[in-house]
Amino acid sequence: MSNQRIYEEFISLMHELIQDGTLPKHLKNIELKTSTRVDELGLDSISLVAVLTCLMDMTDTYLPDNLFIANPTLWEIAQRVNENIKS
Amino acid sequence: MSNTLLYNRKELRALLKPYEQKNNILALGLCLTDYLLLLIGEYLVVTLPLILKPFASFIVFIAIVRLFVLGHDACHGALTSSKKLNQWLGRLVFLPSMTTFHGWAVGHNMTHHGFTNLASKKDMWLPLSPEDYQALNSYEQLCYRIYRNSVGVTAYYLFEVWWKYLYFPSPKIVGIDAAKRFLPDSALVTCFMLIWISSLYAIALLTNQTFIPLLLLGIVFPFLAWNMTGSFLIYIQHTHPKVRWYQDQQAWIDSHPHVTATVHIRFPQWISSIIHHVMEHNAHHMDMNIPCYNLRAAQHQLEKKLSSNIVIQDFSWKWFSECTHICKLYDYNSYQWLPFEK
């Protein structure tokens with residue numbers, strides 16, 4: 001799967017989680033772009049766990065929680081996810 | 001038990017895909033039946049003579065357990081084919097066990113299913129290493145010892161799970177933002193409980209009965225019995241001398257936790273039916289989208305493929321006693337259970 005495809009699925013997952021209340025409402029006002037960094041989203045630890053587990057479920061792959069370490073951009077997260085899928 | 005899987009997670013999910021099929025009529029029927037069972041139980045608590053009321057209280061308890069299992073499925077989005085219906089039904093059937101839908105989704109769907117038996121994520125029934133145990137204060141050590149005792153096992157869920165995370169979770173534990181998001185569901189279960197208690201009070205007045213026995217037998221005892229049962233069932237689903245716990249995330253990933261971190265405890269068929277087959281647990285961890293009414297068949301299919309990877313245990317009180325005797329502290333380096341005193 002390409003990084004672009006993973007990224008698109010990741011963003012649509014984020015929108016879904018914002019919509020159903022799993023992620024905080026303030027994210028509705030933040031535009032999710034390839035260059036957006038995790039810290040800019042202002043997520044608490046529970047929300048980060050929610051994103052991580054939903055990503056695992058979406059990709060059917062176990063992902064390490066260092067996925068969000070070093071404040072990656074959303075594009076970099078998609079890349080890391082793809083690397084895990086391939087490995 | 002072997003840690004080498006012949007199939008990867010995707011292949012196994014594909015194998016179980018047919019069992020994800022939803023039957024909305026059956027799901028709604030189960031919800032209605034179990035709520036009816038609850039009402040019958042409550043009716044009998046009110047109408048039977050005092051000596052027979054405990055029997056009615058037992059029916060209420062069974063109904064709460066069954067409704068909870070349906071709520072668990074709905075929270076996974078597995079009960080019916082409609083996401084909205086699952087969310088509403090889930091909230092409705094969770095009410096008698098005073099479980100908040102959102103709290104359960106975070107604690108169970110994400111933490112427990114996402115990181116089963118991984119120490120860093122503080123999964124339920126996390127065993128402590130001797131060093132971590134020594135670092136506890138005397139009160140915490142006492143609690144830990146009680147929970148790891150074959151009788152004390154039943155107290156864990158009420159105090160460590162429901163009270164801390166599932167009712168009104170403290171902002172200190174889950175963070176301010178998350179606690180705010182949990183509030184509507186916390187208010188919902190509280191309203192339901194107040195209505196339930198008020199109804200019993202009104203009925204006590206109308207039928208010239210003392211309120212306290214009705215309250216105890218109609219709500220308090222069944223609720224406590226549910227908590228004890230939940231605690232016990234979750235313990236035996238993931239605690240077994242042969243099942244490993246991990247501190248190292250890579251080792252945990254390599255262990256295929258979706259299959260190996262779970263025990264298939266086999267109960268007699270009639271008990272399995274009463275609890276909506278919730279102990280067919282490997283299939284559930286492999287694919288949370290399988291509804292309870294398909295779980296037995298899915299587990300059977302999984303065991304045909306992976307018999308050497310799955311810990312299967314016929315339940316007996318003797319085994320349970322041995323398990324609680326062995327599983328006290330955990331050495332995360334050698335993957336061995338340890339006693340409190342060497």
Side-chain angles (χ1 to χ4, degrees), chain A residues 1-2 5-6 9-10 12-30 32 37-70 72 77 80-87, chain B residues 8-14 16-17 75-77 83-84 86-87 101-103 105-116 118 120-123 165 169 171 173-185 246 248-259 261 286-289:
Chain A
M1 207 182 291
S2 69
R5 172 91 186 274
I6 298 274
E9 287 187 11
F10 172 39
S12 102
L13 172 73
M14 291 288 287
H15 284 302
E16 201 178 309
L17 294 176
I18 296 165
Q19 200 61 38
D20 71 12
T22 304
L23 295 180
K25 284 178 189 161
H26 74 258
L27 289 176
K28 284 181 181 169
N29 306 321
I30 297 177
L32 303 178
R37 293 198 173 271
V38 164
D39 284 359
E40 292 171 46
L41 304 177
L43 295 175
D44 55 36
S45 58
I46 286 184
S47 300
L48 283 175
V49 166
V51 175
L52 184 63
T53 50
C54 291
L55 268 173
M56 288 201 276
D57 216 41
M58 182 186 96
T59 58
D60 241 338
T61 308
Y62 275 104
L63 301 168
D65 50 6
N66 61 16
L67 197 71
F68 302 126
I69 279 180
I77 290 173
R80 290 179 189 182
V81 169
N82 207 10
E83 281 162 18
N84 272 279
I85 292 173
K86 285 173 180 163
S87 68
Chain B
N8 67 30
R9 195 177 189 224
K10 266 189 184 164
E11 288 169 324
L12 290 171
R13 279 220 176 176
L16 296 182
K17 192 84 183 159
C75 201
H76 277 302
K83 189 175 177 180
K84 281 274 173 223
N86 282 326
Q87 289 180 346
F101 190 82
H102 200 146
V106 169
H108 178 78
N109 295 8
M110 292 164 188
T111 309
H112 175 60
H113 275 276
F115 309 99
T116 313
L118 182 64
S120 62
K121 293 294 175 202
K122 301 197 185 308
D123 193 10
Y165 297 96
I173 296 175
V174 298
I176 292 172
D177 285 352
K180 275 186 194 166
R181 293 203 296 280
F182 292 174
L183 265 181
D185 277 339
Y246 296 86
D248 177 63
Q249 188 156 357
Q250 193 53 51
W252 173 78
I253 289 172
D254 294 342
S255 75
H256 309 287
H258 46 281
V259 174
M286 175 56 66
D287 187 344
M288 293 163 273
N289 205 13

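Here the structure is a predicted model, which is why all the values come from computation and not from measurement.
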(message) Between S45(A) and chain B, with a heavy-atom cut-off of 4.5 Å, which part of the residue counts as in contact: side chain, backbone, both or neither?
(response) neither
(request) Look only at the side chain of T53(A) and the backbone of A50(A), and say whether a donor-acceptor pair between them is shorter than 3.5 Å. (result) yes
(message) Please give me the minimum heavy-atom distance between P64(A) and I253(B), naming the atom from each residue.
(response) N-CD1, 4.2 Å
(request) Counting only heavy atoms closer than 4.5 Å, note whether L52(A) contacts chain B via side chain, backbone, both or neither. (result) side chain
(request) Can you tell which part of D20(A) gets under 4.5 Å to a heavy atom of chain B, answering side chain, backbone, both or neither? (result) side chain
(request) For F182(B), enumerate each residue passing the ring pair (Phe, Tyr, Trp, His ring centres under 6.0 Å) test, keeping only those at least two apart in sequence or located in another chain. (result) H102(B)
(message) Test of understanding: with side-chain hydrogen bond (donor to acceptor under 3.5 Å, both in side chains), list the residues that count as partners of N84(A), not counting sequence neighbours.
(response) none
(message) Under 4.5 Å from any heavy atom of chain A, what part of V106(B) do you find: side chain, backbone, both or neither?
(response) side chain
(request) Let me know if K180(B) has heavy atoms under 4.5 Å from chain A in its side chain, its backbone, both or neither. (result) neither
(request) Indicate the ring-plane relationship of H76(B) and H113(B), choosing parallel, tilted or perpendicular according to the 30° and 60° boundaries. (result) perpendicular
